[in-house]
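Beneath this line is the structure, given in C-alpha cells, with notes to follow.
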Amino acid sequence: MPNKFMARAVELSIENVGLGGGPFAAVVVRSGRIIAEGVNSVTTENDPTAHAEIVAIREACRQLGTFELPGCEIYSSCEPCPMCLGAIYWARPVSVFFANTAADAAQFGFDDAFIYGEIQRNHADRKIPMIQLMRTEALAAFHAWREKNDKIHY
C-alpha cells in the first residue's frame with residue numbers, strides 16, 4: 001500500500017514540472033486514505049515557504065481541523081529540506097517516506113547543504129547575520145503565556 005502513496009507523490013512531482021512548479025510533491029495519508037496533497041509552488045506563488053511538504057501539511061491540518069497530524073504518514077517525492085523537516089517535526093506525523101535523496105536533489109541544483117552548515121555557525125557569523133535585540137522586553141510574551149490559564153499546548 002505505501003508504494004501507492006509514493007507513486008502518487010512522484011506522479012504529482014512530474015506533473016508539477018509541466019505546470020511550471022518545482023519537481024517536488026507530497027501527500028499526507030491517514031488510515032490508508034490520502035487527506036492532502038501538495039506540490040512545490042515556490043515560483044508559481046512567489047512564496048519561498050511553499051515547498052510540497054509544507055503545502056501538504058497546511059492542507060492536511062485544515063482538513064483535520066488541528067495543528068498536528070497524529071496517526072498520519074507523509075510521502076514525499078524527495079527527502080525533506082531543513083525547513084520542511086522542521087515543519088514535519090512540529091506536525092508530528094508517525095512517519096515520513098521519501099523517494100529521491102537530498103544528494104539526488106543537489107545534483108539538479110536543489111542543494112540544501114549550505115543551510116545545515118549555517119545552522120552550526122554562530123549567529124553573527126552566518127551569511128545572513130542574526131542579531132539579537134530587545135530580549136528583556138520580548139520575554140514579556142513568554143511570561144504572559146506562562147500565566148495564561150486557557151492556553152493550548154503545542
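Heavy atoms only: backbone and side chains are in, while hydrogens, waters and symmetry mates are out.
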Under 4.0 Å between a Lys/Arg side-chain N and an Asp/Glu carboxylate O for E118 and K127? no
Could you measure the distance from the NE2 atom of H51 to the SG atom of C78? Nearest 0.5 Å is fine. 11.0 Å
Could you measure the distance from the CD atom of E68 to the OH atom of Y154? Nearest 0.5 Å is fine. 11.0 Å
Minimum heavy-atom separation for D47 to R58, with atom names? OD2-NH1, 4.1 Å
In this structure, would I54 and L69 fall into the same cluster of hydrophobic residues linked by side-chain contacts under 4.5 Å? no
Rounded distance (nearest 0.5 Å) linking atom CZ of F5 with atom CD1 of I74: 13.5 Å
Please enumerate all residues that pass ring pair (Phe, Tyr, Trp, His ring centres under 6.0 Å) together with F110, with sequence neighbours excluded. F24
R121 and D125 have their tightest heavy-atom pair at NH1-O, 3.1 Å
Shortest non-hydrogen contact between P80 and L85, atoms and distance: CB-N, 4.1 Å
Any side-chain donor-acceptor pair under 3.5 Å between T101 and E79? no
So, taking the atom named CZ in R8 and the one named CD in E37, what distance separates them when rounded to the nearest 0.5 Å? 4.0 Å
Can you see which heavy atom on V55 is nearest to which on S41, and at what distance? CG2-OG, 4.2 Å
Indicate the atoms forming the closest heavy-atom contact of V39 with A25, along with that distance. CG1-CB, 4.0 Å
Would you say the side-chain atoms of S13 and N16 include a donor-acceptor pair closer than 3.5 Å? no
So, for P82 and D112, which heavy atoms are closest and what is the spacing to 0.1 Å? CD-CB, 3.7 Å
Atom pair SG (C84) and CD1 (I57), whose distance is rounded to the nearest 0.5 Å: 7.0 Å
